[in-house]
Amino acid sequence: MHVPDGFFNAPVSIAAGAFAAAGVAVCLKGARSELNDRTAPMAGLVAAFIFAVQMLNFPVAAGTSGHLLGGALAAILVGPYTAVLCVAVVLLVQGFFFADGGLTALGVNITLMAIVTSVVGWAVFRLITRAAPRGRAAVVAASFVAAAVSVPVSALAFTLLFWIGGTAPIDVAAVAAAMGGVHVLIGLGEGLITALTISSVLAVRPDLVYGAAGLGRRLVLRTADGEVPVEEPAPAPKGGLRPILIGGGLIAVLLAGFVSFYASGSPDGLERVAADKGFNAGEQQSGVAHWPLADYAVKGVENERLSLGIAGVAGVGLTVLAGGAVVYTVRRRNRDKAEA
């Protein structure tokens with residue numbers, strides 16, 4: 001659902017940019033409480049994984065595809081503040097290096113794909129896990145629902161923004177129905193990917209799932225003053241982070257460098273609805289459309305499979321570097337504040 005240049009007028013683009021910048025600033029501060037020795041390395045890996053999986057468009061209807069947005073997934077793995085930063089890093093790398101999403105629409109994309117999905121996904125996840133019986137099954141089920149809901153909400157937020165400041169007239173009810181309908185289907189795919197990922201991490205290292213913190217069994221300690229509920233201590237994690245980081249990195253490289261060649265080539269939900277409803281007339285080419293990695297292809301490499309693979313692997317590397325820089329900055333501010 002990457003919004004291209006030319007979809008929104010200047011006032012809305014500027015306002016969305018200001019809102020996105022403010023949101024990222026808030027999350028840079030909020031992430032200080034989420035990033036520790038375990039979650040900090042995970043944040044770069046999560047960003048790289050989201051970049052890789054976003055290259056894997058999957059079919060959802062005749063001639064239409066969808067891909068992971070990743071806000072809910074990141075929020076459950078590393079926390080909602082850090083999630084916004086992870087997805088924002090992915091969007092920055094995609095926009096500036098791969099011409100995926102417009103540069104003037106970057107604020108819109110961060111608002112819709114990073115902030116809305118992370119906030120909505122985390123809110124739904126917490127609502128379900130607080131009401132459901134405690135346990136891993138509840139976390140996985142909540143992950144599916146949270147991710148599935150976050151996608152159509154983001155699509156409807158796009159419709160509202162376009163109604164306010166789009167560069168083409170629309171029948172808002174018709175566009176909302178079309179965007180909501182196709183993104184419900186995409187949301188189901190998002191929910192499945194999110195639930196499978198969370199389930200896999202829970203099976204190996206549950207301590208690395210931010211949203212699963214405090215899921216140990218509740219015990220009752222009987223004292224002379226009565227019964228006191230206590231948490232059963234979580235089992236000590238087995239092994240360090242290195243195997244997880246290496247394994248996760250290799251999976252991201254495999255997905256971006258090899259599996260992406262088999263992704264659906266059909267237009268995604270936004271592209272399909274924009275074409276069907278005729279509000280894509282103002283679409284403009286990205287200002288970096290002629291850059292070496294634009295459109296996930298390496299200029300000068302004739303073999304399509306090799307070109308896509310190199311671009312995908314390069315994207316994973318760039319995302320890790322950018323994400324690592326953000327995490328390092330936040331962690332350094334934490335250390336500086338602690339030493340002050």
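One-based numbering along the sequence shown. Computed from a prediction, not measured in an experiment: that's the story for all the values here.
A 4.5 Å side-chain heavy-atom check between Val288 and Phe98 finds every atom pair outside the cut-off. Looking only at side-chain heavy atoms (C-beta outward), Gln94 and Met55 stay at 4.5 Å or farther from each other. In this structure, Leu156 and Leu160 have side chains that are not in contact, with every pair of non-hydrogen atoms separated by 4.5 Å or more. Here the side chains of Phe51 and Val90 are in contact, with some heavy-atom distance below 4.5 Å. For the pair Phe158/Val3, a side-chain contact is recorded, criterion being any heavy-atom separation below 4.5 Å from C-beta on. At least one side-chain heavy atom of Leu112 sits under 4.5 Å from a side-chain heavy atom of Leu161. Counting only heavy atoms from C-beta outward, the side chains of Phe162 and Ile170 approach each other to under 4.5 Å. For the pair Phe279 and Val273, the minimum side-chain heavy-atom distance is below 4.5 Å.
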Task: Residues Phe7, Leu270; criterion side chain to side chain contact (heavy atoms under 4.5 Å, CB included); working and verdict - done: CA-CA 11 Å; Phe7 262 41; Leu270 174 59; 4.3 Å; yes

Task: Candidate pair Val145 and Phe125, rule side chain to side chain contact (heavy atoms under 4.5 Å, CB included), full reasoning - done: CA-CA 7 Å; Val145 177; Phe125 176 81; over 6 Å; no

TODO: Take Arg272 and Val182 through the side chain to side chain contact (heavy atoms under 4.5 Å, CB included) test and state the conclusion after the steps.
DONE: CA-CA 9 Å; Arg272 173 58 65 185; Val182 71; 6.0 Å; no

Task: Working for side chain to side chain contact (heavy atoms under 4.5 Å, CB included), residues Val330 and Leu28 - done: CA-CA 7 Å; Val330 174; Leu28 282 169; 3.8 Å; yes

Task: Test log, rule ring-ring contact (aromatic ring centres under 6.0 Å, His included), inputs Tyr296 and Phe261 - done: CA-CA 11 Å; Tyr296 300 93; Phe261 182 77; over 10 Å; no

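Counting heavy-atom neighbours within 6.0 Å of Lys299 NZ, excluding the residue itself, gives a total above 12. More than 12 heavy atoms of other shown residues, nucleotides or ligands fall within 6.0 angstrom of atom CZ in Phe58.
Of the possible donor and acceptor atoms, one in the side chain of Asn9 sits under 3.5 Å from a partner among the backbone N and O of Val12. Although no hydrogens or angles enter the test, the distance criterion places a donor-acceptor pair under 3.5 Å between the side chain of Glu34 and the main chain of Thr82. Between the side chain of Arg32 and the backbone N or O of Arg331, no donor-acceptor pair lies under 3.5 Å. Between the side chain of Ser118 and the main chain of Ile115, no donor-acceptor pair closer than 3.5 Å is present. Glu190 contributes a side-chain N or O that, together with a main-chain N or O of Leu69, makes up a donor-acceptor pair within less than 3.5 Å. With hydrogens and angles ignored, the 3.5 Å screen pairs no side-chain donor or acceptor of Ser150 with any backbone N or O of Val120. Side-chain atoms of Ser154 never come within 3.5 Å of backbone atoms of Thr117 as a donor-acceptor pair (strictly under, hydrogens ignored). Of the possible polar contacts, none joining the Gln54 side chain to the His67 backbone as a donor-acceptor pair under 3.5 Å is found. Proximity of a side-chain donor or acceptor of Ser143 to a complementary backbone N or O of Ile198 within less than 3.5 Å is not detected. Checked by atom type and distance alone, the side chain of Glu283 never pairs as donor or acceptor with a backbone atom of Asp5 at under 3.5 Å.
Across all their heavy atoms, Val78 and Thr39 have their closest contact at CG1-O, 4.2 Å. When all heavy atoms are compared, the tightest approach of Leu68 to Ile193 is CD1-CG2, 4.1 Å.
For the 3.5 Å distance criterion, the side chains of Ser65 and Asp268 fail to qualify, holding no donor opposite an acceptor. Ser264 and Asn57 form no side-chain donor-acceptor contact under 3.5 Å, judged by distance and modelled atom types alone. Residues Tyr262 and Arg305 have side chains that bring a donor and an acceptor to within less than 3.5 angstrom of each other.
Apart from Tyr81 itself, the hydrophobic cluster it occupies contains Val26, where clustering links Ile, Leu, Val, Met, Phe, Trp and Tyr at side-chain heavy-atom distances under 4.5 Å.
Remark: of the listed residues Leu293, Thr319, Val320, Thr319 is the sole one forming a side chain to side chain contact (heavy atoms under 4.5 Å, CB included) with Val93.
Note that the OG1 atom of Thr159 and the NE2 atom of His183 stand 8.5 Å from one another [nearest 0.5 Å]. From Leu92, atom CG reaches atom CG of Leu318 across 12.0 Å, with rounding to the nearest 0.5 Å.
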